[in-house]
Chemist: 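Quick one: this structure, given as structure tokens, is what I'll be asking you about.
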Number of protein chains: 2
Amino acid sequence: MQIMISTIKSNRNIPEVVLKAAIHLFTEQGYFNTSVPDIVKKSGVSTGSIYHHFGDKTGIAKALFEMLVKRMENAFDDIERKHDSVQSRLRAVIEYLFQLTEEEPEVMTYMLFIKHKEIMPNMAPVCSSKPFTKMRQMVVDGMANGEIKTMDNMVAAASLFGGAFRLISLRLDGVLERPLMEYQDELWRCAWQSVQK
Amino acid sequence: MQIMISTIKSNRNIPEVVLKAAIHLFTEQGYFNTSVPDIVKKSGVSTGSIYHHFGDKTGIAKALFEMLVKRMENAFDDIERKHDSVQSRLRAVIEYLFQLTEEEPEVMTYMLFIKHKEIMPNMAPVCSSKPFTKMRQMVVDGMANGEIKTMDNMVAAASLFGGAFRLISLRLDGVLERPLMEYQDELWRCAWQSVQK
DNA sequence: GTCTATATCCAGATAGAC
DNA sequence: GTCTATCTGGATATAGAC
């Protein structure tokens, strides 16, 4: 591997600082309430550079989304490597989602609650993205090996993850005042019990 | 009661036809991708009349939201009148939500998945609106009378309704091909089981 | 690759006749 | 109360120097 001289010459990574400003503005005030001049001000990067790197405004949203989806996918791959039983995998997934919500609420908001179809009209819904199909696959595996009661896959997945997503949503909306970790054990007991015989 | 002569004079109710056009456009392409001229074209009502009735563009979104929230609140009041046990009330609520999703997907989309805070920055989140607090109150009642295991209110509500909301979301995103009614019984068994001793 | 200056367009909103 | 015609600001995007 060669040393990346180009990154040494410039002391900042423009795409990175733009994306950081963008996720903050998009989740705070919404994509459509955020103008490119807003991003210019917040990031300190000029209009010209932004368009050079991202093509247009939707390019920023797209780059951000792809980065975050990839990141979550990697996290789930990690979980599959570290846990054998479906039960402990599913629990770890929920723990990861709760932690991410607490530590980087903007990331979670951007992934779950931004209507990407409005920004990029021909994009598939988030729930069809790799990490989400992976979650459903775990459930299918659990049914195959008998850990989970036999039933419709979608119903099982919805029952297992639905409560967690509700709590995440309530937390991001400011309705839950205490951190999600405090609800985790009790929620998981309910979720797991819902798919037992 | 007097006969409403004014409604006889004009053969159409302008706010109504505007709201009908608006909910279609807002859910189809998003609030911010919909211009007032779009609504003018779709509704056949002039710019001037629209501004006369609604004040500004956000006024349309607001009127629509208030109407739909009120309607859902009334539906839940009906349910409380018709059912005594908490179990049958909760089941009826989910049945209502599933039916509404199938019959008027735009209404459900507008209530659940439009980011109203982006449109009206100082609006409370949907989950704080009357119908949603009513749903949580039912759960609290069920815990008080012993139908539901004693636990955190929010966890119980999330466990009971989370799966239903997931399925609604998947259905509106086109991921579930079959109508929600077909999943209803199985989902409810899971949801109810999740909060039993 | 990064910047400033600028073009173009169309949105939201208003004026004022009827 | 309803309409048409019109104003104005600010958004996205580009041109072109450095």
Chemist: Regarding A/T34, tell me which of base, sugar-phosphate or nothing describes its non-hydrogen contacts under 4.0 Å with the strands shown.
Modeler: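 Here A/T34 touches the backbone only, sparing every base.
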Chemist: If each of B/Y31 and A/S49 is mapped to the nucleotide of DNA chain C with the nearest heavy atom, which maps nearer the 5' terminus, i.e. the 5' end?
Modeler: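 The answer here is A/S49.
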Chemist: Just the rounded figure in Å: distance from P of D/dT12 to CZ of A/F54.
Modeler: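 Rounded to whole Å, this separation is 15 Å.
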Chemist: Which of the following nucleotides, D/dA13, C/dG12, D/dT2, is nearest to the side chain of A/D56?
Modeler: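 Selected nucleotide: D/dA13.
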Chemist: Figure out the OH/P separation between A/Y51 and D/dG16, and round it to whole Å.
Modeler: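 Taking OH of A/Y51 and P of D/dG16, I get 18 Å after rounding.
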Chemist: Using atom CD of B/Q29 as one end and atom C1' of C/dA11 as the other, report the distance to the nearest whole Å.
Modeler: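 Whole-Å distance recorded here is 14 Å.
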Chemist: What nucleotide, of D/dC3, C/dT4, D/dA13, holds the atom closest to the side chain of A/K57?
Modeler: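 That would be D/dA13.
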Chemist: Given atom CG of A/N13 and atom P of C/dG1, what is their separation to the nearest angstrom?
Modeler: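 Atom-to-atom, A/N13 to C/dG1, this comes out as 11 Å.
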Chemist: Do B/F132 and B/M120 belong to the same hydrophobic cluster, where Ile, Leu, Val, Met, Phe, Trp and Tyr are linked whenever their side-chain heavy atoms lie under 4.5 Å apart, directly or via other members?
Modeler: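 Yes: a chain of side-chain contacts under 4.5 Å links B/F132 to B/M120.
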Chemist: When all nucleic acid strands are considered with a 4.0 Å heavy-atom cut-off, which category describes A/P37: base, sugar-phosphate, or nothing?
Modeler: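 It contacts base atoms.
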Chemist: Could you grab the distance from atom CD of B/E28 to atom CG of B/D38, nearest 0.5 Å is fine?
Modeler: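 Nearest 0.5 Å value for the CD-CG distance: 12.0 Å.
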Chemist: Categorize B/S35 for me: base, sugar-phosphate, or nothing, with a 4.0 angstrom heavy-atom threshold over every strand shown.
Modeler: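 If one applies the 4.0 Å heavy-atom cut-off, B/S35 turns out to touch the sugar-phosphate alone, with no base involved.
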Chemist: Can you identify which nucleotide, out of C/dT2, C/dA5, C/dG12, has its nearest atom closest to the A/T47 side chain?
Modeler: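 It is C/dA5.
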Chemist: Looking at A/H53, I'd like to know whether one of its side-chain N or O atoms comes within less than 4.0 Å of OP1 or OP2 on C/dT2.
Modeler: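 It does, given that an N or O in the side chain of A/H53 lies less than 4.0 Å from OP1 or OP2 of C/dT2.
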Chemist: May I ask whether A/M154 and B/M181 are part of the same hydrophobic cluster, defined by side-chain heavy atoms of I, L, V, M, F, W, Y residues being less than 4.5 angstrom apart, directly or through others?
Modeler: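 Result: yes, single cluster for both.
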Chemist: Round to a whole Å and report the spacing from NE2 of A/H52 to P of D/dA15.
Modeler: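 Atom NE2 in A/H52 sits about 15 Å away from atom P in D/dA15.
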Chemist: Closest approach to the side chain of A/S46, judged atom by atom: which nucleotide of C/dA13, C/dT4, D/dT4 is it?
Modeler: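 The answer is C/dT4, which lies nearest to the side chain.
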Chemist: Quick one: B/I50 CD1 to D/dG1 C1', roughly how many Å, whole number?
Modeler: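 Result: 13 Å.
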Chemist: Give the rounded distance in Å between these two atoms: CZ of A/F32 and P of C/dC10.
Modeler: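 Nearest whole value for this atom pair: 16 Å.
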Chemist: Under 6.0 Å between ring centres: does that hold for A/H116 and A/Y110?
Modeler: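 Yes, the ring of A/H116 comes within the 6.0 Å limit of the ring of A/Y110, centre to centre.
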Chemist: B/K149 side chain to A/C190 main-chain N or O, any donor-acceptor pair under 3.5 Å?
Modeler: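 Not confirmed, B/K149 side chain does not pair with A/C190 backbone.
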Chemist: Among C/dC3, C/dT14, D/dT12, which nucleotide sits nearest the side chain of A/V36?
Modeler: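 Taking heavy atoms from C-beta onward, the closest nucleotide is D/dT12.
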